[in-house]
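Not measured: the values here are computed from a predicted model. The residues of the chain are indexed from 1 along the displayed sequence.
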Amino acid sequence: MNLRSFSSPGDAVWKVVGVLRNGRALGDVYLRGRLTPREREHIMVAVSRVNACQGCTYVHERWALRAGATHEELRNLEIGDLSGLDDRGRAAVAYATARAEADFLGTHSADAAAASERLTPREIAAVEAVARAMALASLTVNTAESAVAGIRRRSHS
């Protein structure tokens with residue numbers, strides 16, 4: 001994947017609003033256990049990879065291992081092979097990845113329909129919330145790192 005960052009300040013604001021609008025579902029993940037920690041971290045690793053955020057991927061791979069993920073699962077996530085996940089985990093990661101790749105734009109009825117075969121509507125909302133939060137984090141890191149690199153290049157020219 002190519003390194004992705006915010007395209008504009010408005011894009012950054014739009015991403016923050018997206019996370020805030022999904023705050024209740026995000027609370028369901030962390031406060032009510034709507035997704036297991038392992039599922040949550042699989043989603044976060046997958047979304048950080050969509051955005052090519054090396055720092056986020058590194059951190060969330062470590063957290064995924066602590067949450068019970070295996071090294072093999074993480075290697076498979078890296079190449080997009082979801083066959084080693086259970087049906088629920090595969091549906092969650094596929095949905096989150098599709099939404100992140102689409103930058104959360106447009107309708108997502110086809111993605112949601114596929115996920116709804118394995119996940120409840122509340123679980124789909126939780127996956128969406130985690131994916132949006134991870135996208136916000138990874139795009140923030142990537143944008144900051146790009147800005148610092150640009151400043152360094154200009155100061156050395």
| Taking C-beta and beyond as the side chain, do Met134 and Ile43 meet within less than 4.5 Å on heavy atoms? | no
| said: So that I can tick it off, tell me whether Arg66 and Glu41 are bridged by a salt bridge, with the cut-off set at under 4.0 angstrom between side-chain N and carboxylate O. | reply: no
| remark: Looking only at heavy atoms, the pair that brings Cys56 and Val141 closest together is SG-CG2, 4.1 Å
| Roughly how far, to the nearest 0.5 Å, is OG1 of Thr36 from NE2 of His42? | 8.0 Å
| said: I need the full list of side-chain hydrogen bond (donor to acceptor under 3.5 Å, both in side chains) pairs touching residues 133-147, with sequence neighbours left out, sorted by first then second residue. | reply: Asn51-Ser138
| request: Hydrophobic side-chain clustering at under 4.5 Å (ILVMFWY, transitive links): who's grouped with Val13? Put none if nobody. | output: Val17
| note | To the nearest 0.5 Å, atom CG of Leu136 lies from atom CH2 of Trp14 at 11.0 Å
| request: Mark yes or no for whether Asn22, through its side chain, and Gly18, through its backbone, hold a donor-acceptor pair below 3.5 Å. | output: yes
| request: Would you mind checking if Arg4 and Asp103 are paired as a salt bridge, meaning a charged N to carboxylate O distance below 4.0 Å? | output: yes
| request: Grab the two heavy atoms, one from Ala96 and one from Val127, that are nearest each other, plus how far apart they are. | output: CB-CG1, 3.8 Å
| Asp11 to Phe6 - nearest heavy-atom pair and separation | OD2-CA, 3.3 Å
N/O donor to acceptor pairs below 3.5 angstrom from side-chain atoms of residues 85-93, sequence neighbours left out:
{"unit_1": "Asp86", "atom_1": "OD1", "unit_2": "Arg88", "atom_2": "N", "d": "3.4"}
{"unit_1": "Asp86", "atom_1": "OD1", "unit_2": "Gly89", "atom_2": "N", "d": "2.6"}
{"unit_1": "Asp87", "atom_1": "OD1", "unit_2": "Arg90", "atom_2": "NH2", "d": "2.3"}
{"unit_1": "Arg88", "atom_1": "NE", "unit_2": "Glu39", "atom_2": "OE1", "d": "3.4"}
{"unit_1": "Arg88", "atom_1": "NE", "unit_2": "Glu39", "atom_2": "OE2", "d": "2.4"}
{"unit_1": "Arg88", "atom_1": "NH1", "unit_2": "Glu123", "atom_2": "OE1", "d": "3.2"}
{"unit_1": "Arg88", "atom_1": "NH1", "unit_2": "Glu123", "atom_2": "OE2", "d": "2.3"}
{"unit_1": "Arg88", "atom_1": "NH2", "unit_2": "Arg34", "atom_2": "O", "d": "3.2"}
{"unit_1": "Arg88", "atom_1": "NH2", "unit_2": "Glu39", "atom_2": "OE1", "d": "2.9"}
{"unit_1": "Arg90", "atom_1": "NH1", "unit_2": "Leu82", "atom_2": "O", "d": "3.4"}
{"unit_1": "Arg90", "atom_1": "NH1", "unit_2": "Leu85", "atom_2": "O", "d": "2.5"}

| Criterion side-chain contact (heavy atoms from CB on, under 4.5 Å) on Val47 and Thr97, from CA distance to verdict | CA-CA 6 Å; Val47 172; Thr97 301; 5.6 Å; no
| query | So, for Ser83 and Asp81, which heavy atoms are closest and what is the spacing to 0.1 Å? | reply | OG-OD1, 2.6 Å
| With sequence neighbours excluded, what pairs up with Arg132 under the side chain to side chain donor-acceptor pair (under 3.5 Å) test? | Glu128
| message | Given the ring of Tyr58, does Arg62 sit roughly above its face, with NZ or CZ under 6.0 Å from the centre of the six-membered ring and within 45° of the axis? | response | yes
| According to a 4.5 Å side-chain heavy-atom criterion applied to Ile, Leu, Val, Met, Phe, Trp and Tyr, with indirect links allowed, do Val50 and Val59 form part of one hydrophobic cluster? | no
| Got a sec, which residues hit side chain to side chain contact (heavy atoms under 4.5 Å, CB included) with Leu31, two or more places apart in sequence or on another chain? | none
| said: If you compare all heavy atoms of Thr57 against all heavy atoms of Ser48, which two are closest, and at what distance to 0.1 Å? | reply: OG1-OG, 2.8 Å
| Can you find a pair of side-chain heavy atoms, one from Leu77 and one from Leu74, that are under 4.5 Å apart? | yes
| Would you find more than 12 non-hydrogen atoms of other residues, nucleotides or ligands less than 6.0 Å from Arg152 atom CZ? | no
| Inter- and intrachain pairs under ring pair (Phe, Tyr, Trp, His ring centres under 6.0 Å), touching residues 63-93, at least two apart | His60-Trp63
| field | Closest heavy-atom pair and its distance - Val29, Ala126 | value | CG2-CB, 3.4 Å
| task | Report yes if the side chains of Glu73 and Asn76 come closer than 4.5 Å at any heavy-atom pair, otherwise no. | result | no
